[in-house]
2 protein chains.
Amino acid sequence: MSDNTSLLDIRKMRILQAIVDDYIMTAAPVGSRTVSKRSDMGLSPATIRNEMSDLTELGFLEQPHTSAGRIPSEKAYRLYVNHIMDQAKLTDDEADYIKRHLDTRVHEVGEVIRQTAKVISDMTNYTSMVLVPQLSSMKVKRISLIPVSEGSAMAVVVTNTGVTKNSMISIPESLSPDDIEKISKLITEKLDGHRLTDAIESVLPAIRAEIGEQADAVCEMLEDIERSMSETDVEVVGASNILDYPEYSDAQKARSFLTEVETGNYLQQVLKDSSDVEMSVRIGTDNDNPDLKDCSVITVTYKAGGKNIGSMGVVGPTRMDYGKVMAVLKYLSNSLSDILSKLLK
Amino acid sequence: MSDNTSLLDIRKMRILQAIVDDYIMTAAPVGSRTVSKRSDMGLSPATIRNEMSDLTELGFLEQPHTSAGRIPSEKAYRLYVNHIMDQAKLTDDEADYIKRHLDTRVHEVGEVIRQTAKVISDMTNYTSMVLVPQLSSMKVKRISLIPVSEGSAMAVVVTNTGVTKNSMISIPESLSPDDIEKISKLITEKLDGHRLTDAIESVLPAIRAEIGEQADAVCEMLEDIERSMSETDVEVVGASNILDYPEYSDAQKARSFLTEVETGNYLQQVLKDSSDVEMSVRIGTDNDNPDLKDCSVITVTYKAGGKNIGSMGVVGPTRMDYGKVMAVLKYLSNSLSDILSKLLK
DNA sequence: TGTTAGCACTCAAGGGTGGCGAGTGCTAAC
DNA sequence: GTTAGCACTCGCCACCCTTGAGTGCTAACA
């Protein structure tokens with residue numbers, strides 16, 4: 001991958017940068033004259049043409065048809081992101097915008113997540129997505145069971161970091177509300193400090209010892225809780241932004257993008273898969289999802305208390321303003337981590 | 001409104017019906033020949049033309065340009081929905097589809113709501129929305145406060161119908177977890193059988209009498225709970241379906257529709273406003289929202305235990321298959337009411 | 001040897017033209 | 001009251017031509 005660098009001399013790199021930069025702005029094939037006109041280039045169109053011809057041969061550029069300009073290939077975007085691109089910094093205005101819109105007084109995790117997704121989407125004008133903090137890696141502080149009706153209860157799990165999640169579970173009819181309260185206390189006591197995923201193996205024996213008769217029922221409940229807690233939620237904002245980009249002016253293309261985003265399965269998987277790499281960039285067919293073959297997905301992680309607890313990202317056309325998006329995501333990763341670290345203290 | 005009926009003789013009505021039916025199917029202006037060819041009409045194009053000319057004068061039809069056919073006006077859709085349209089019944093296949101896809105074994109309200117929204121959208125191919133059951137009209141059975149971290153707790157409200165809702169609230173630092181548990185028991189006891197909205201006026205004095213010192217803090221908490229509980233959630237599915245209709249092939253139009261649906265404020269308001277009329281139909285500019293001026297919104301209510309507890313509906317182009325949508329919604333209103341009545345018993 | 005000017009060539013996009021067909025309104029006859 | 005006939009309108013489409021942006025190649029130049 002990084003061998004690519006040695007394949008290209010500095011001039012080719014600069015020309016490729018010019019082409020990618022221009023194409024990201026305009027979505028129109030870039031011609032030699034356009035590149036040559038860039039003040040800092042100092043080469044005639046003819047020379048540029050020769051270089052562009054080489055770049056095409058090397059697989060970095062493509063030609064929609066003979067007499068059109070060139071457009072960058074996926075390979076070009078990868079090189080661009082890894083070696084060429086200017087690392088953008090946010091302007092003061094942009095940093096300001098984030099500060100004003102991430103309200104640190106909000107005291108609910110879900111609300112902060114939604115705000116963050118909104119800010120990402122507003123600043124980049126692409127589709128943003130934020131995974132809500134994952135419980136699986138955290139330690140349980142408390143599990144409350146609240147009787148709701150015959151045969152059902154709400155389970156609320158609170159972790160040591162203060163992240164909460166709740167879900168309805170079914171309970172055996174044989175358990176009275178009092179029993180439930182007792183069990184609720186008991187499992188909180190036993191699970192305190194353990195991961196939920198370890199619950200069944202490590203803690204159940206102890207529970208079984210104390211409540212012989214109902215043990216099976218409790219075991220089932222715990223499994224139920226564990227199952228529902230491992231379900232992930234993801235907040236998606238700005239899906240319709242895609243319609244601002246001419247490559248999606250075709251209703252059919254837009255439709256398949258939006259359907260994919262609406263169901264969200266693939267993107268959720270990407271966020272989960274990337275939740276341990278600080279920043280990941282998937283360009284075009286890196287996404288093994290045909291509906292997103294002309295899209296790029298960039299993700300970053302966020303932390304609380306120094307530990308990764310979730311990830312967030314952006315989906316947009318392959319012709320994406322990588323510099324800007326990466327800068328925004330990096331900045332917001334820090335902001336969100338700060339806020340959550342305080343919030344979940 | 002129903003005066004319109006007397007303005008039109010039966011033949012005009014039948015012609016108008018033919019035109020609306022055809023336009024709903026094809027989205028193309030309907031000409032006199034097309035109407036005449038309908039087997040049951042038995043009139044020549046020329047006669048139809050005369051009638052169409054009258055209908056245009058009366059404001060039921062519009063002409064995009066001289067030599068095009070006619071398209072129905074909003075006024076025509078209103079007449080069509082109220083007096084002309086054949087009341088469609090679902091086919092056996094469709095009823096079957098619903099039975100198979102509304103899994104009655106699911107025991108969580110939220111999940112049932114999501115399924116319902118999905119089914120509506122799949123069957124109609126428009127955008128569906130379902131308001132989750134509203135607590136405001138129900139009586140409280142239990143309020144649990146679960147300490148999460150210093151200064152914050154999760155409040156879980158359970159109503160007598162078994163609907164639950166939870167939210168984070170902030171609590172005074174001075175309250176210990178034990179205090180919270182005590183208060184949780186106390187307010188459950190006092191509020192049992194009351195509406196949450198009455199809580200503060202009717203119940204607080206009693207609470208105040210029992211816990212003098214912390215009463216203000218508790219009062220604030222209750223207000224906080226009440227506020228967050230009155231927030232409504234709405235499940236929206238199938239927004240991208242709009243791209244299947246040629247009137248939204250223009251990216252700009254599609255964009256404004258999708259943005260409006262994505263933020264959801266207006267539609268949420270409509271659902272809330274219509275939560276006491278069995279079925280409501282808003283056609284075009286009935287929606288005082290410029291982004292939806294070419295859309296129609298149809299809503300129905302659903303019940304549990306004989307009482308309206310929420311509403312759901314469909315948004316789509318004004319050229320909407322009203323008969324089908326109304327049939328689907330009516331059927332699903334019953335199904336959902338049945339399921340919820342059992343679920344929330 | 002690298003750079004550049006010149007030139008012939010390609011091809012998409014845009015504008016103009018004309019025919020086609022769906023539709024209308026009017027009139028006159030049944 | 002209904003209908004056939006007819007002249008007229010106008011959007012759509014296919015066709016053609018022009019334009020212009022862009023290319024590749026070649027030959028000359030530093």
Side-chain angles (χ1 to χ4, degrees), chain A residues 7-16 18-23 25-73 76 246-247 249-250, chain B residues 7-16 18-23 25-73 76 246-247 249-250:
Chain A
L7 284 177
L8 297 187
D9 58 31
I10 302 210
R11 199 170 70 177
K12 281 203 174 56
M13 291 272 243
R14 287 189 55 202
I15 290 173
L16 189 56
I19 293 171
V20 175
D21 281 342
D22 196 85
Y23 188 70
M25 295 294 293
T26 64
V30 185
S32 52
R33 239 178 83 83
T34 315
V35 177
S36 151
K37 267 191 294 205
R38 281 175 64 109
S39 55
D40 56 347
M41 202 57 73
L43 290 172
S44 81
T47 312
I48 306 281
R49 275 206 289 285
N50 289 329
E51 296 287 34
M52 282 167 83
S53 176
D54 291 354
L55 285 167
T56 306
E57 213 161 301
L58 291 168
F60 292 101
L61 294 178
E62 285 163 6
Q63 240 176 330
H65 54 87
T66 339
S67 76
R70 308 295 216 286
I71 64 176
S73 67
E247 44 268 69
S249 60
D250 173 53
Chain B
L7 283 179
L8 295 187
D9 57 31
I10 303 211
R11 199 170 70 177
K12 282 204 174 53
M13 291 273 242
R14 288 189 55 202
I15 290 172
L16 189 55
I19 294 171
V20 175
D21 280 343
D22 196 86
Y23 188 70
M25 294 294 294
T26 64
V30 185
S32 52
R33 238 178 83 81
T34 315
V35 177
S36 152
K37 268 191 294 200
R38 280 175 65 108
S39 54
D40 56 346
M41 201 56 73
L43 291 172
S44 82
T47 312
I48 306 282
R49 275 206 290 284
N50 290 330
E51 296 287 33
M52 283 168 83
S53 177
D54 291 353
L55 286 167
T56 307
E57 213 161 299
L58 290 167
F60 291 101
L61 294 178
E62 285 162 6
Q63 240 177 330
H65 54 86
T66 338
S67 75
R70 309 295 216 285
I71 64 176
S73 68
E247 44 267 69
S249 61
D250 173 53

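Reminder, nothing fancy here: chain letters follow the sequence lines and each chain counts from 1.
- The NZ-P distance, from A:Lys12 to C:dG2, rounds to 10 Å in whole Å.
- Distances from the side chain of B:Arg70 to the nucleotides C:dT24, C:dG23, C:dT3 place C:dT24 closest.
- We find that CD of B:Glu57 is positioned 15 Å from P of C:dT24, with the value rounded to whole Å.
- Using a 4.5 Å heavy-atom threshold, the side chains of A:Ile71 and A:Pro29 count as touching.
- Listed nucleotides: D:dT2, D:dG24, C:dC11. Nearest to the side chain of A:His65: C:dC11.
- Across the strands present, D:dG11 finds its partner in C:dC20; the criterion is a Watson-Crick or G-U wobble pair with both atom distances under 3.5 angstrom.
- Within 3.5 Å, a donor on the side chain of B:Arg49 pairs with an acceptor on the base of D:dG5, or the reverse.
- Nucleotides of DNA chain D nearest to A:Ala46 and A:Pro29 differ in position, and the one nearer the 5' end is that of A:Pro29.
- Between A:Arg11 and A:Leu43 the shortest side-chain heavy-atom distance falls below 4.5 Å.
- The residue A:Ala68 sits close only to the backbone: its heavy atoms come under 4.0 Å of sugar-phosphate atoms, none of a base.
- Taking atom CG of residue B:Asp54 and atom P of nucleotide C:dG25, one finds them 10 Å apart after rounding to whole Å.
- Nucleotide D:dA30 is matched to C:dT1 when pairs are restricted to Watson-Crick or G-U wobble geometry with both distances under 3.5 angstrom.
- The separation between B:Tyr23 atom OH and C:dA22 atom C1' is 16 Å, rounded to whole Å.
- Here the side chains of B:Asp22 and B:Val35 are not in contact, with every heavy-atom distance at 4.5 Å or above.
- Among the nucleotides C:dT3, C:dT24, D:dA4, the one closest to any side-chain atom of A:Thr47 is C:dT3.
- Under a 3.5 Å cut-off, the side chain of B:Ser36 and the backbone N or O of B:Ser44 do not form any donor-acceptor pair.
- Between the CG atom of A:Asn50 and the P atom of C:dG2 there is a distance of 11 Å, rounded to whole Å.
- Within 4.0 Å (heavy atoms only), B:Thr66 reaches sugar-phosphate atoms of the nucleic acid but no base atom.
- A donor-acceptor contact under 3.5 Å is formed by the side chain of B:Ser67 with the base of D:dT9.
- Using N1 to N3 plus N6-O4 or O6-N4 for Watson-Crick, or N1-O2 and O6-N3 for G-U wobble, each under 3.5 Å, C:dT27 pairs with D:dA4.
- Among D:dT3, D:dG24, D:dT23, the nucleotide with an atom closest to any side-chain atom of A:Met52 is D:dT23.
- For the pair B:Arg70/B:Ser53, a side-chain contact is recorded, criterion being any heavy-atom separation below 4.5 Å from C-beta on.
- Protein atom CZ of B:Arg11 is 9 Å distant from nucleotide atom P of D:dG1, rounded to whole Å.
- Note: CD (A:Gln63) to C1' (D:dT23) measures 7 Å, nearest angstrom.
- Following rounding to the nearest Å, B:Glu51 (CD) and D:dT3 (C1') show an atom-to-atom distance of 13 Å.
- B:Leu16 places a side-chain heavy atom less than 4.5 Å from the side chain of B:Leu61.
- Contact annotation: B:Ser32 side-chain N/O to C:dT24 OP1/OP2 distance is under 4.0 Å.
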